[in-house]
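One structure below.
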Amino acid sequence: MAVTETSVSIAPVATVAGMRAAQIRHRLMLWVPAGFVIALMAVCFIGPFVLPLPAPIGGDILNSSLPPGAPGHLLGTDASGNDILSRLIYGGRSSLIVAITVNAVGLAIGGLIGAISAYAGGVTDAIIMRALDVLIAFPSLVLIIVIAQGLGPSLSTTILALIAFSVPAVARLSRSAALQVTSMPFIQAAQLSGSPAWRVLLRHIAPNIAPQLLNFLALGMGIIIVTEGALSFLGLGIPVPDPSWGNMIFDGQQALSATPLQVLWPSLALLLTVLAFNLLGENVRDEMSTR
Amino acid sequence: MNVVETEVGVEAPVGMAPSGASGSGKEPRPILEVNDLRVTFSRAGAPPLHAVNGLSYSVRSGRTLAIIGESGSGKSVSVRALMGLLPPSAFVTGSATLSDTELIGMNEKALRQIRGNDIAMVFQDPARSLNPTMSVGKQIGEAVRMHLQIGRKEVAERAVELLKLVRLPAAEHRYHEYPHQLSGGMRQRVMIAIALAANPKLLIADEATTALDVTTQAQIMELLVDLQERLGTAVIMISHDLALAASYADDVLVMYAGKIVERADTKTLFRHVRHPYTKALLEAIPQLGVPSHTSLKTIAGEPPDLSALPVGCAFRARCPRAVDICAIKEPPLDEHEPGHRFACWNPHPASGDKDTGIPIDIRTRDEDLS
Amino acid sequence: SPPTSPSAAGADAGTPQRGGAITVLLDAGFAGGWATGLDPATSNTVGANLSQMSAIYGGLFVLNADKDGKNGRIEPTQAESFKYSSDGLTLTIKLRSGMTFSDGTPVNADAVLWNWVRDLDSGSTSAPTNVLLARNMKPKISSELKQSILDALPAGYDPVKVEQDMGAIVPVDDLTVEVHFSAVNATFINGLPGTNLNWLASPTAYKKLGAAAFKVTPVGAGPFTIASNTMSQKLALERNPHYFKSGLPYLDKLTFQSVTGDQVAYQTLQAGQADAIEGLSTVSLITKAQSNPDLQVTLIPPTSPYVIQLNTRMAPFDNIKAREAIYYATDWAAINKGVFNGNGEPSESFTASAGLFYTPKVPGYRTFDLAKAKALVQELGGLKIVLNTISTGVAPVVVTALQTQWKKAGIDVELKTQALGDLISTFISGQWQSFLQTAGAWDPATGIGVGVRFGSTSPFSGTPLPKGAANAKDALKQRLTTHLDDLLASAAGTLDVAKRGDLYKQVAQIISDEAYAPFGFAFSPAEIVRKGVHGPGLTTPIPAVAVNTGILYDQVWVSKK
Amino acid sequence: MTSSALIPVVRSEERTSLLGRVAGSPLVRLAVRRLLVSVLIVFAITAIVFALLEATSGDIARKQAGMSASEEQVAALRHQMGLDTPPVVRYFSWLGAVFRGDFGHSLISGQPISTLLAERLPVTIELVVLAFVVSLAVAVPIAVLAAHKPGGIFDRIVMVISMTLLALPNYVLALLLVIVFSVMLRMLPAIGYAPLDQGVIPNLISVTMPVLALSIPLFAFYTRFLRGDLVEVMNSEDYVETARSKGAGPWRVLWQHAFRNSSFGMLTIVGLNVGGLVGGTVIIEQIFAMPGLGVTLLQGALAGDSPVVLVCVIIFAAIAVGANLVVDLMYAVLDPRIRYGSH
Amino acid sequence: MTDTDQMTLSTTATRLEPLLSVRNLVQEFVSRGPGGVKTGVVHAVSDVSLDLMSGETLGIVGETGSGKTTLARSIIQLDRPQSGEVIFEGQNLVGMSKRRLKQARANIQMVYQDPFGSLNPRWRIQDVVEEPLLGYTRMKSAARRERVRELLDMVGLNPDVYLRRRPMELSGGQAQRVAIARAIALNPKIIICDEAISSLDVLIQAQIINLFEKLRAELGLSYLFIAHNLATVKQVSDRVAVMYLGRIVEVGPSEQIYNAPLHPYTRALLDSVPGLDPETGVAHRPVAQEGETPSPLDPPSGCRFRTRCPFAQDICAEVNPALIEHRPGHLAACHFPLDDPDGVAAALK
Ligand SMILES: Nc1ncnc2c1ncn2[C@@H]1O[C@H](COP(=O)(O)OP(=O)(O)OP(=O)(O)O)[C@@H](O)[C@H]1O
Ligand SMILES: Nc1ncnc2c1ncn2[C@@H]1O[C@H](COP(=O)(O)OP(=O)(O)OP(=O)(O)O)[C@@H](O)[C@H]1O
Ligand SMILES: [Mg+2]
Ligand SMILES: [Mg+2]
């Protein structure tokens, strides 16, 4: 934001009022997406208990593929006669659980591994990185098929498969960011201050690589949800009839020409979510910026 | 994307014949005039911090203005404001004209023409101000390229030349090195080389020599003096080394809590110190002639919190000469004597009679450089 | 909108015209996959690749039907006629005279022998099972022919069996072949179009090309020859000028392109990049295509109804009450209406209208009755089951609907959808409770017909094992059978059609009485062409041989614009 | 030109010293060492893949045979596929053959794998290379443009567009592209691949949509990621100010200073994606009916065709390891502090 | 070599064991050109020996790039030295295991030349100063917080104002003071100040110096005080060492070094000091010295200063002058030391 805001703020009109306006704008930028994310979570996680929704599964087969606005079905029904709105909300829950879990585990394990690797350097670094190379170079397709065949599709295997991709990715990214941080003098200063490795990692390196990881993870939210749907192509993914945005999109696209709306709704939900998470991520990052 | 460059004035590269600019003796018109400059930092969740509060001064071509003063009094911020290099949280008001061009509020594009070309700056913290992933030669070369339309090879040659100019040993070799491979003083000299790359009209040296040993410092200062003489460069030097300021500046400006507390030409200021803060500064300087471990004379207390400036004089709490009015009204920066301004209700007595030493005319020395 | 009447579509076709080229889209997961090549002796996907096979080889026999799809029957094509001996143990097949392979070599009785021994002894899974050839005859053929056959067999063949097979298949004269059986095989000819025996390849060309190349560019005597073949991707064919039916084929060029998924196929057709889709099964796209004026939809007359196989060898379906509960809890009519727009055809046994021995009603068949289902479930103290099915096509929707219906009866259902390969593994493991499948074929004894689904020793069956057998292998070894097995065997061994029909009625009755598997309704995929493409099987319905239709590509033509 | 003219006359000690210096370069040493390790990694992966396939794919012959095959037929097939030898023996005989330069034959089709590769590898390579070239070529300038004025109109528009594209799975995108460009506009073929020997133009036309479908999500991701990083660097690094103070324009600052720094994260991501994408082409290859290696691997893995799978795995793993190796070397080239690392 | 060692040891005047003694310390950096090809070796610190007694302040002055920072970093083992010994309380820090080093470091703290770089930009001042307390003490959180306030107060920063700031919101001098507060937090035995106060205004400099003096008097701290401002160095130091191109060229009691330098380089340094008489306000502008500093990549043979030395003779190019005690406790490495103390003193005036 440096370029614009500086040139704006330099304008002699800058007053306390102007300053306040800027601050308020700044707050809004943070709270609008944050509000959306909170609302989204609330709808998806609490909604099923409080909203008068029909069940997302077990719809009446005789009422299948109803158009939007059909009585009792705001967005219509799908090929099995399930209420699409209800599936969107329940599906959002699964999708968010998948995305958040994968991101959280990816960040916690991958982020840590990468930072440790960069900080420790030497043999430890080499061993960790080569181990990650094995994971990264392991063809994802084979891994998915093996997991699908070995464990069968379910919410947890989906999460497992996605974590298997996310951890090494975050680890590498984290390492690359941490490598730059570890060369800073304040890391040495911390060592002189007797900070043990874990504190250097968690308190010095982590916050300094956080912006980049955050950037990545916010983007990752959408990708994970989308990928979860793509896994259905390969026999994994959240199994029918349980909804998730990913498998709703996947199911819908199988007859896209006939049922475009069944792709549109979950895609829209996904888009709004991705947007909100990214705006939020971006603004949290701005907030974390050192200036 | 190429930067369109406008030639501002005729500028000869360093080391060539002077372009007939002002030498010593004349009284050229101010190149930079700063008027009521104010900078406030405002970050969500923190009270606004008033770093610079109404700064006014001018600098003339070929002259040197020294800004001295308390650490944290807004010296760096005030000069960064001139170049439009403050973070987004900074709100700048007031005016600063460079040869009749208003700098404050100028758009980024126009500012770019000014930066480096007309004003160059040596940053206080060379370690952070150099790009860690670019060789120093390239970084100097970049500054050269911004102002001269010359080929790659010439740029490199010029960069090496500049490195030699700032007395960096093994310049050809250092050209390829990265900032982390240099010592503190070397980095600082790289920063100076960058600033000199374009023969600016105004050079701002923010503690440009603190990391240099005195011999190198003297060499660099001579280099600047030479530049001034040949090209009429105006210099703003920010320094905590009062002796250095006294030795090389024409005018001195003392800052405290974002304000000027005293301002005069060098001779006058150091010989007729009126403001108690300036006096305190002078008395705190360690002296070579004094035995080791003699306790230094300091004044108690701390500088005020810039986000909650007190009413009245900001220095009052620490001032040995404070009187009642100091707590009520802010002393104006008046020209109490010709060319000597200070902001104090109860200044030290004028001490014209106590004139003992022979003033050094800093323009009379003719030292050959290189 | 109601489906375009197939007979109407066929009626306004006009006179066929020579020339033109068409591209036909096949589903990569089924007909569009020919990973093991197109040599009938070594291909494991002959049953799926009927279109490619008939285009390249023509075929000894084809399954044809009237223009309205009725009266499905086996017709000799390269064969002129066939005849069973009165004891049913000798089959005489006469070939048409004057036929040549596209490399110019003659199609004769020796070629049949050469092909059939290879087909039966190369380890191909496309060979018919239970051929029951006579095992005591010495081959009476030239050593040259014998050597040529042996050279064309893969390493590790069983020499004893090869010798026996060479003895049982006797080239009587240049155009006559006798097949000697050890027991009556009534389904041999009916099953032929779905197996590799139907497709005659040129022995000379094989010798010239070698085994590997022959899988890619085999030579037959069919209406087309191969221009290029990217395995499981694209097969480009050209008119065979020496095709034995004069004036045929109509087309100059025929290309098979495999695509993944019905949506892709539909789009590609819409984009004008293809002229026909074989076997589109997504109901909503079929409906969409039916309302598209540029397209013509032909529903394949169904031969295989949906069935829920219940595994009687495992809890809970080892208890007939649990099986009955499933019968009563299932409302097929609703599923037919909701999922298939009512286009499905109800059946209470393993047959459908286009197949042989169609038996829509079975006396005492348990139909939808929620109250009874509830009562049974209550009696059982609840019912929790796993329902498996294939992950493609419409099956996931059907099982979802079943889950919902059964839930109403108090049955808890966990759904498990799998890819075909995994599904087979699951079957073989025996560790499954229920499967939604299709059962049957044009002749129920062939293909994935009644024997595969209900014979006690089939790995794909859940009917009770013979008494005293620990598992299917054991039963096979000890030659133990159940009553159902015996009925199925004698049905397969009976030439008399009426008698066979009777036997199948009994089979259907047992299945119904014992509640082994509730049958739903039969629904087959559709053939979709752009307007202007005509052909038997494509725009006029022909029943599926086993799963898909053998389209008669030599008679497919396009109207010039 | 005679051959002797090609050999520069270098005094022997000069040559060795030059060679010695280059070989002594830590970058070269690092590259060589890592290359050796990479080969080991690739083969470690093949061993793992083989073991996993063995463990999970069940009775391959039975699966291959389908439902109507009899037990004897399946047994014959099993023998024909060579599945009646122990897995360890099979793996090592395969490995030995590979080291002799023989990739072996497919279990399923019996075709030599080398012909399969010759036919399919170019397709996937072309898709992947073009997808990266296109996505990076578009994403980098757009990210820089957006970072130029964060919060500006362009930035916002780019954000909404890239987010939309990011929320759109590439398989849906592929279908939409076909509907628009093939069905509605009839501009591009809906399916199929024209090999290069049919001419460059037909080839490019045939890969246009697959490449778009692959590169658009990448583009969206890269744009957002790079833009975010650039803004971060522009906001928090002092040397950016130094560059500004030299009079360097915002573009120059972005390219020369911020971009170089942000390129670390970018490089990492690209390196990761290269590995991911070679397998990730499978869905796109399927939708556009491209005879690519992704489909080959998928079919092979589903059928338990281990020789085919292993060879695909070698290729994919080598590409992924190679990409990450290049990325690591690039770090060292781009950041001298890492190259000479003092910690 | 041993010559020098004994000399240095014997000149420490007292029989006390030195708190810290550095022996023959060598630190070199490989310099690389484009592509990482080795192009030379920077002789940053070449065979440096020195002692630091308990309660003593040793000032180190010298040319920029002469290896002062490198020396400091090598002592504290931030860069492991090439060779040599660093004996602290009888233990050699060189080659010591990380864990034991950590213990030793509690007693040797350092203030960096580059204040911002040494402060984590995302931390609040409170956390920065608290860090060593967390690392080395078992103080309760309340006690720690109290101590932090006390420390900030000591370095002249109002805790109420600065506790919650982040480094970027500080001026250069404020950042430097935060670094000092962190260094003294543990009451270490030795503080190494690398230009620790050069970016402070003189009033605060004076405050900090007084603070240092106070800590020295009360707690017996020792300092290694690296600075360019000779007056400041003199103010704080008992002894001063002068470095030139990786070597110590002169070391001795500060009064003597300043009043009667033996080495021509020391003399040149003193001549370059700008002066200002606080009483009269008269400034003294130094004479810029001639000549270029040689490259540390290829230091001159023999005496490294010879290329700039007005008194250089042939022998200077051949023999590296040993650091010899010329006066009690006053050593210089010069073949032709300036032996006229009066002359030097006069030149100063
Ligand atoms: N980005 C910022 N946000 C908030 N406050 C700031 C920021 N930058 C500087 N300040 C405050 O502004 C005041 C002036 O800072 P400035 O850097 O100009 O001081 P200075 O006079 O240069 O001091 P020094 O001599 O120590 O360098 C200080 O109190 C500092 O804390
Ligand atoms: N990491 C490094 N890699 C390569 N060379 C280095 C490195 N650190 C320092 N040097 C070199 O070592 C020499 C000594 O540097 P050092 O920083 O110790 O000097 P210094 O005496 O502290 O100088 P200053 O007063 O300017 O801070 C210099 O020539 C410098 O270029
Ligand atoms: Mg400053
Ligand atoms: Mg230093």
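By convention in this document, chain letters (A, B, ...) are assigned in the order of the sequence lines, proteins followed by strands, and residues within each chain are numbered from 1.
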Validation row: C:Thr36, D:Gln111 side chains within 4.5 angstrom (heavy atoms): no
Stepwise side-chain contact (heavy atoms from CB on, under 4.5 Å) check, D:Val178 with C:Gln270: CA-CA 10 Å; D:Val178 172; C:Gln270 274 191 308; over 6 Å; no
Relative to chain D, which segment of C:Ala35 carries a heavy atom at a distance below 4.5 Å: side chain, backbone, both, or neither? both
Side chains of D:Ile191 and C:Val259: does their closest heavy-atom pair fall under 4.5 Å? yes
Mind ranking D:Ala174, D:Pro291, D:Ser182 by heavy-atom pairs under 4.5 Å with chain C and telling me who comes out on top? D:Pro291
Considering only heavy atoms and a distance below 4.5 Å, find which of C:Gly272, C:Gly261, C:Gly37, C:Pro154 pairs most often with chain D. C:Gly272
With side-chain contact (heavy atoms from CB on, under 4.5 Å) as the test, would you mind laying out the steps for C:Gln233 and D:Arg120 before giving the verdict? CA-CA 11 Å; C:Gln233 285 273 340; D:Arg120 313 217 157 180; 3.9 Å; yes
How many angstroms lie between OG1 in C:Thr260 and CD1 in D:Ile284, if you round to the nearest 0.5 Å? 11.0 Å
Donor-acceptor check, side chain of C:Gln267 to backbone of D:Leu175, threshold 3.5 angstrom: yes or no? yes
Got a donor-acceptor contact below 3.5 angstrom from the C:Gln273 side chain to the D:Ala190 backbone? yes
Name the region of D:Gln286, side chain, backbone, both or neither, that has any atom closer than 4.5 Å to a heavy atom of chain C. both
Interchain contact, D:Met290 with chain C, by part (heavy-atom threshold 4.5 Å): backbone
As an exercise: rank C:Val264, C:Thr42, C:Asp121 by heavy-atom pairs under 4.5 Å with chain D and give me the winner. C:Val264
Given a strict heavy-atom distance threshold of 4.5 Å, which part of C:Thr268 is in contact with chain D: side chain, backbone, both, or neither? both
Side chain from CB out, backbone as N, CA, C, O: work out which of these in C:Leu269 comes under 4.5 Å of a heavy atom of chain D, or both, or neither. neither
Contacting moiety of C:Ser124, where chain D heavy atoms sit under 4.5 Å: backbone
With heavy-atom distances below 4.5 Å as the criterion, would you say the side chains of D:Ile179 and C:Gln263 are in contact? yes
